[in-house]
Amino acid sequence: MPDECLPGALDSMRDALLAWYAADHRALPWRDTTDPYEILVAEVMSQQTQLERVVDAWEAFLERWPTVAALADTPRAEVVAFWSDHRLGYNRRARFLHESASIIAHDWDGSFPREPDELERLPGVGPYTANAVASFAFNNGDAVVDTNVKRILFRLCTASTDREPSYERLASRLMPPATSRQWNNAMMELGGVVCEKRPRCDEGNCPWRRWCDAYATGDFTAPDVPSQPTFDGSRRQFRGRIVRIVSEAGRVTCSELGPRVRVDFDPADQDDRSWLRDLVESLAADGLVRLETATDEWAVAPVAE
DNA sequence: ATCCCGTTCA
DNA sequence: TGAACGGGAT
């Protein structure tokens with residue numbers, strides 16, 4: 001996606017989007033804070049999880065662990081249990097958040113770095129989250145590029161090229177200097193409520209209609225998002241069950257765990273036992289549970305620390 | 001079935 | 001570059 005697909009009237013486009021956002025937008029609670037810890041919690045929770053499902057969990061999480069120090073002082077297992085209780089999915093994100101809290105508390109003396117490059121060194125923090133935290137906490141980020149932003153840019157410039165676009169470069173050129181807090185909120189708002197898979201250009205009063213290739217041509221093709229395999233019966237589903245069982249029940253042996261994970265699990269069957277063991281090992285490697293092999297029969301327990 | 005304000009590891 | 005990672009909602 002070449003730069004020349006941007007119209008000459010860059011300033012008008014920028015003003016139009018910022019005015020559109022200022023006029024009305026969703027009242028997401030983390031938009032009312034600039035505390036980097038609160039922002040980080042919101043962003044990590046929001047990775048691949050719908051925002052409506054995040055709001056309650058975010059408020060409960062911050063009530064329980066109001067500061068990065070409080071979270072760092074908590075045993076990992078409690079954070080994992082919270083994640084599981086609130087059905088946030090992707091339990092590894094609970095571990096990443098807990099590890100990040102420890103790093104901030106110990107290596108950064110309790111205060112967050114302001115630069116995206118520094119934030120990106122935290123576990124579970126990639127380019128998106130680093131720029132989101134830098135933007136919303138410090139107004140110090142680059143343009144964020146998530147699936148929403150990609151969809152907007154693709155449609156904006158779809159008639160201009162058939163080459164693989166550099167979304168980062170284009171997004172960055174579009175953002176007015178030193179406006180990342182407002183700008184990134186506005187871009188994601190546009191992608192979230194107007195430029196959705198099924199676009200709502202007129203209903204949503206899209207501020208970019210007059211510059212948009214897709215609006216002009218009626219071709220609202222969007223970039224392919226990789227589809228996920230069926231969840232039912234998947235490894236991911238069983239991993240999630242194990243984490244929840246251990247969070248609720250504490251230490252359980254293989255024979256106790258198996259039937260609670262899969263109804264037709266046979267504790268006497270070696271294949272069943274190694275199937276379960278493999279899942280537990282992967283969870284232990286992810287720091288979500290602890291595998292005990294000291295006794296007769298192996299068991300799984302809440303993660304230490 | 002498909003989507004959801006991504007990141008990690010191979 | 002691709003697969004794996006959870007699970008609720010529509």
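Throughout, protein chains are lettered first and strands after them, A, B, ... in sequence-line order, and every chain is numbered starting at 1.
- A donor-acceptor pair shorter than 3.5 Å can be found between the side chains of A:Ser135 and A:Asn184.
- Going from atom CG of A:Asp232 over to atom P of C:dA9 covers 15 Å, rounded to whole Å.
- Partner A:Arg31 forms a salt bridge (Lys or Arg N to Asp or Glu O under 4.0 Å) with one of A:Glu189, A:Glu43, A:Glu38 and no other, that one being A:Glu189.
- With rounding to the nearest 0.5 angstrom, the OG1 atom of A:Thr293 is 9.5 Å from the CD atom of A:Glu281.
- The six-membered or imidazole ring of A:Phe82 lies near that of A:Trp65, with a centre-to-centre distance under 6.0 Å.
- Below 30°, between 30° and 60°, or above 60°: for A:Trp275 and A:Phe238 the angle between ring planes is above 60°, a perpendicular geometry.
- B:dT2 sits 16 Å from C:dA3 when the P atoms are compared, rounded to a whole Å.
- Rounded to whole angstrom, the span from the CD atom of A:Gln228 across to the C1' atom of C:dG2 amounts to 13 Å.
- The separation of B:dC5 from C:dA4, taken at their P atoms, amounts to 24 Å, rounded to a whole angstrom.
- Around atom CD of A:Glu63, no more than 12 heavy atoms belonging to other residues, nucleotides or ligands sit under 6.0 Å away.
- Evaluated for a side-chain contact (heavy atoms from CB on, under 4.5 Å) with A:Gln47, the options A:Thr129, A:Leu88, A:Asp146 yield exactly one hit, A:Thr129.
- For A:Phe231 and C:dG6, the CZ to C1' distance is 5 Å, given to the nearest whole Å.
- Residue-level contact check: A:Asn91 touches the backbone only, with heavy atoms under 4.0 Å from sugar-phosphate atoms and none from bases.
- Rounded to whole Å, the distance from CZ on A:Arg244 to C1' on C:dG7 is 9 Å.
- The separation of B:dC4 from C:dC5, taken at their C1' atoms, amounts to 14 Å, rounded to a whole angstrom.
- Each of A:Pro229 and A:Arg241 lies near DNA chain C, and the nucleotide nearest A:Pro229 is the one positioned closer to the 5' end.
- DNA chain B lies under 4.0 Å from at least one heavy atom of each of the following residues of residues 43-62 of chain A: A:Glu43, A:Ser46, A:Gln47, A:Gln48, A:Gln50, A:Leu51.
- No contact: A:Ile242 has no heavy atom under 4.0 Å from any strand.
- Atom CG in A:Asp224 sits roughly 14 Å away from atom P in C:dA3 (whole-Å rounding).
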For A:Asp266 and A:Arg273, what are the C-alpha separation, side-chain angles and deciding distance, and is it a salt bridge (Lys or Arg N to Asp or Glu O under 4.0 Å)? CA-CA 8 Å; A:Asp266 179 3; A:Arg273 295 177 76 86; over 6 Å; no
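- A:Ser234 comes within contact range of no nucleotide atom at all, as no heavy-atom separation falls under 4.0 Å.
- A salt bridge links A:Asp278 to A:Arg235: at least one charged side-chain nitrogen sits closer than 4.0 Å to a carboxylate oxygen.
- Contacts of A:Arg95 with the nucleic acid, taken as non-hydrogen atoms under 4.0 Å apart, are absent.
- A:Asp35 and A:Thr33 form no side-chain donor-acceptor contact under 3.5 Å, judged by distance and modelled atom types alone.
- B:dA10 and C:dG6: their P atoms are spaced 16 Å apart (whole Å).
- Counting only Watson-Crick and G-U wobble pairs whose two distances sit under 3.5 Å, DNA chain C takes part in these stems of three or more pairs: B:1-4 with C:7-10, B:6-10 with C:1-5.
- Across all strands, A:Arg198 comes closer than 4.0 Å to no nucleic acid atom at all (heavy-atom distances).
- Counting non-hydrogen atoms under 4.0 angstrom, A:Gly192 reaches nothing in the nucleic acid.
- Considering CH2 of A:Trp183 and CE of A:Met175, their distance stands at 9.0 Å, rounded to 0.5 Å.
- For the pair A:Arg93 CZ and C:dA4 P, the interatomic distance rounds to 19 Å; values are reported in whole Å.
- Among the atoms of the strands shown, only primed sugar atoms or phosphate atoms (P, OP1, OP2) are found under 4.0 Å from some heavy atom of A:Thr147.
- On the nucleic acid side, DNA chain B contacts chain A at distances under 4.0 Å to non-hydrogen atoms, with the end points of that region at B:dC3 to B:dT8.
- At whole-Å resolution of the value, CZ in A:Arg87 and P in C:dA9 are 10 Å apart.
- A perpendicular orientation is assigned to the rings of A:Trp58 and A:Trp30, their planes being inclined by more than 60° (bins at 30° and 60°).
- Positionally, the nearest nucleotide of DNA chain B for A:Thr230 lies more toward the 5' end than for the other of A:Asp146 and A:Thr230.
- Nucleotide C:dG8 holds its P atom 15 Å from the CH2 atom of A:Trp83, rounded to whole Å.
- Close to C:dC5, at under 4.0 Å from its OP1 or OP2, lies no side-chain N or O of A:Arg92.
- Side-chain heavy atoms closer than 4.5 Å link hydrophobic residues (I, L, V, M, F, W, Y) into clusters, and following such links, possibly through other members, connects A:Met187 to A:Leu10.
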